[in-house]
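These notes are about the structure you will find just below.
Keep in mind the model is a prediction, meaning the values are calculated, not measured. FYI, the numbering just counts along the sequence from 1.
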Amino acid sequence: MTEPAESFTDEEYAFLRHVRFGELPPPVRPEERVALTETEPRRDRPESAGGPDEWDLRFGAAG
């Protein structure tokens, strides 16, 4: 890809962000913050596929 001939200024980038995303919500004050608690299973890892005995059955390993 080639770079554009001219670059935007910081003010122009700020305007484009505002046009695209709108007004930012007000910041959360420290006294309004709460600790997060995980209630659902993690989504960054696949579900467990069972134990070693099930693995042996799936892959035909001799025991």
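Around CZ of Arg29, the count of heavy atoms belonging to other residues, nucleotides or ligands within 6.0 Å does not exceed 12.
The hydrophobic clustering, which links ILVMFWY residues whose side-chain heavy atoms are closer than 4.5 Å, places Leu24 and Phe15 apart. In this structure, Leu16 is not a member of the same hydrophobic cluster as Phe21, with clusters built from ILVMFWY side-chain heavy atoms closer than 4.5 Å.
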